[in-house]
Amino acid sequence: MSLPYEHPRWHRVMGEALHPGGEALSRRLIRLCNFPPKAKVLDAGCGAGATVGLLIEEGFDAVGLDKSYDLLSKAKQKGPAVHGDLRDMPFEDGSFDGAICECVLSQQKKLSPALSELARVLKNGGILGVTDIFSLNRSYDSQGWDGSCASGARSALELHEAFTNHGFEVFFFEAYPRLLRECTAQLVWAGIIEAPIKICCSLSYGLWLCRKLGDEGSLKERYEIEGAEKAAG
Amino acid sequence: MSKESDLGFHEQTVWRCSCGGELTPHKVAALYLGNRFEIELPACSRCGFILVPESLAVGKMLEVEKILEDK
């Protein structure tokens, strides 16, 4: 089965970045991640390598990973890139200071294998920057999963819980409600996808920043906030 | 008409512009709510009039309007 982003005209519509928001959103994600200088950063699901190129441009020691040989051949023109699956990455534990994952988690039938691997290859305290589709009004149903990012959209709560359950602390979230509509309209206009019925109204696009927790625990665990009970009560 | 384009007006037409000019394929851009949609349409080379076929207006154009406007 060919992947949706391997469609020959997908690139023409979406640009090199292949995901909603394009290069501008990738640049914002990199800036917000605030990786240390020369950090070793993984682009998990790098596609054609647009973000690998941006990371290298910013002075980071970037490596891309993708399961599409076709896209990987393009990514290798931007920088180092290796073949592999998010669910079984060919890297040692704690290999990376940071990781980026753009519109990839929604293409996973199950989040756990990919998030476990991301947690494994990141150092403690490492930053994971994610942009992806999320659902506004429904829970994820694996029965309806067909490999498309729309069918794989989780709710913001489901994503938050998944990050937390895999040892990440979410410390930043931003949503871009119009981005997905604009991107969908362009794909429909170009004849790449059928006009979705009501789907657009129930989906949005978001950016998450997570920190991999080490032995020190989360901020919530480390600090006792006085007056919290009073505020809650 | 470009063979690459699968959108819009493919039929040969004998229509002419009301100014008398000939309609020839032109690359045009439709702007809607800040979004740009490019397409090749018959346009008058004399006065610039652009013919938007009904099938396009009630087809793809309406579809993208619905997506962008949550109609």
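Just the heavy atoms: all of them, side chains too, but no hydrogens, waters or symmetry mates, feed the values below. Below, chains carry the letters A, B, ... as their sequence lines are ordered, and counting in each starts from 1.
In plain terms, the two heavy atoms of A/Arg181 and B/Glu69 that are nearest each other are NH1-C, 4.3 Å. Minimum interatomic distance between A/Val188 and B/Glu63 (heavy atoms only, all atoms of both residues): CG1-OE1, 3.5 Å. Contact detail for B/Ile67 and A/Ala185: the closest heavy-atom pair is CG2-N, 4.0 Å. Here the shortest heavy-atom pairing between A/Glu182 and B/Asn35 reads CG-OD1, 3.1 Å.
With sequence neighbours excluded, no residue forms a side-chain hydrogen bond (donor to acceptor under 3.5 Å, both in side chains) with A/Ser135.
The ring-ring contact (aromatic ring centres under 6.0 Å, His included) pairs that include a residue from residues 139-161 of chain A number zero, where partners must be two or more places apart or lie in different chains.
Here the side chain of A/Gln186 pairs a donor or acceptor atom with the backbone of B/Arg36 at under 3.5 angstrom. Put simply, the side chain of A/Trp189 gets close to the backbone of B/Glu38: a donor and an acceptor are under 3.5 Å apart.
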